[in-house]
Number of protein chains: 2
Amino acid sequence: MATPATRRSPATEAWKLVGDLMATQRGWFLDVVREFELSPPQLFALRALEPGEATPMGDLAAHLHCDNSNVTGIVDRLERRGLVERRAATHDRRVKHLVLTDEGVAVRRRIETRLEAGPNPLAALDPADQRALRDLLRKAAAAQES
Amino acid sequence: MATPATRRSPATEAWKLVGDLMATQRGWFLDVVREFELSPPQLFALRALEPGEATPMGDLAAHLHCDNSNVTGIVDRLERRGLVERRAATHDRRVKHLVLTDEGVAVRRRIETRLEAGPNPLAALDPADQRALRDLLRKAAAAQES
DNA sequence: TATTGTTATACTCTATAACTATA
DNA sequence: TATAGTTATAGAGTATAACAATA
């Protein structure tokens, strides 16, 4: 028998509610991915690369929670589309740095805008509740980092 | 230039914080998936099938946001492992119903328990904040359904 | 004619192991 | 010896198109 909702801690139930909310938005998220003609890992990679920063391939692999060997192919495809470039690192010649091209930066920005403008299930709350929720989540995020 | 955090609505910032929280837990989630020797779609499929209920293949495809043809393979593998069974539907002989086996029900329950017991970034909040957060999310979920 | 599930096909993601060039 | 990235390989997910059985 599953734990009844009333037996779960508020944090556990809240976490489950967060998961449910995310699940309801998954279809929309996949639509955005296809709108940009990317795959989910490719879109995650673009979001992971900060404009103006140089990211080692291995760091991207860690961010994507996959093996280094996978990143080779993912970056190959982004590079072929002119969104990313590989550059030699100066301090260690084994390392290759990833840098967004100008178009990569532009596409990344359009993606961020698109995701932010999407259907937000929290917008259904009244303004006071929205602010209260935001503040609690900020607090949780801050506690998370420590 | 990106929208400054202060120019975003509280709901937008809250939604972004939710996404960030989920992202920090992705590695742990993938660990659980591998612990059960499943793939993410296979685990989502098990979670979608309610014990004692018969689910048409097409309904599962809609739930997973993929084409019907993909479900054939995903279900093949779950069936080969003895977690799911295909059954003929009575009212429409084109339809095949999916039913969890006894072992499928047991594995599904273990998965739910494991996911619920996992690291919960919201547990860092004090109890009063946890309850407040839970209540706000309940409200958002309720508003979502209408 | 339209729909459900399957098959065939091509592409992408994924992990593992072996390789290279560095360190 | 160890590490960063690549290549080779095999298995899995994904969409599209074509198909059989059924509606």
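As a basis for the values below, the full set of heavy atoms in this structure was taken, side chains included, without hydrogen atoms, waters or symmetry mates. Residue numbering restarts at 1 for every chain, and letters A, B, ... go by the order of the sequence lines.
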**Message:** My understanding is that a hydrophobic cluster links ILVMFWY residues whose side chain heavy atoms are under 4.5 Å apart, including indirect links. Using that, what else belongs to the cluster containing Met22(B)?
**Reply:** Trp15(A), Leu17(A), Val18(A), Leu21(A), Met22(A), Leu122(A), Leu125(A), Leu133(A), Leu136(A), Leu137(A), Trp15(B), Leu17(B), Val18(B), Leu21(B), Leu122(B), Leu125(B), Leu133(B), Leu136(B), Leu137(B)
**Message:** Taking side-chain hydrogen bond (donor to acceptor under 3.5 Å, both in side chains) as the definition, give me every residue that meets it alongside Arg131(B), ordered by chain and number, with sequence neighbours left out.
**Reply:** none
**Complete:** Contacts of Lys139(B) meeting salt bridge (Lys or Arg N to Asp or Glu O under 4.0 Å) (sequence neighbours excluded), chain-then-number -> Asp129(A)
**Interface residues of residues 25-43 of chain A with DNA chain C (non-hydrogen, below 4.0 angstrom)** = Ser39(A), Pro41(A), Gln42(A)
**Asked** More than 12 foreign heavy atoms under 6.0 Å from CG of Asp102(A): is that the case here?
**Response** no
**Message:** Checking Arg114(B) now: which residues fulfil salt bridge (Lys or Arg N to Asp or Glu O under 4.0 Å) with it, not counting sequence neighbours?
**Reply:** Glu35(B)
**Asked** Can you check the Arg80(B) CZ to dG11(D) P distance for me, whole Å?
**Response** 11 Å
**Asked** Rounded to whole angstroms, how far apart are CZ on Phe44(A) and C1' on dC13(C)?
**Response** 13 Å
**Request:** Can you tell me which residue pairs pass the salt bridge (Lys or Arg N to Asp or Glu O under 4.0 Å) test with a partner in residues 37-65 of chain A, sequence neighbours excluded?
**Result:** Arg47(A)-Glu112(A), Glu50(A)-Arg108(A)
**Complete:** Applying salt bridge (Lys or Arg N to Asp or Glu O under 4.0 Å) to Glu85(A) and not counting sequence neighbours gives Arg87(A)
**Message:** Per the side-chain hydrogen bond (donor to acceptor under 3.5 Å, both in side chains) rule, what does the pair list look like for residues 24-34 of chain B, sequence neighbours excluded?
**Reply:** none
**Asked** What string of B, S and - do you get for nucleotides 1-9 of chain C, 5' to 3', when a contact is any protein heavy atom under 4.0 Å?
**Response** -BBSSBB--
**Residue met sooner reading DNA chain C from 5', once Arg93(A) and Cys66(A) are mapped to nucleotides** = Cys66(A)
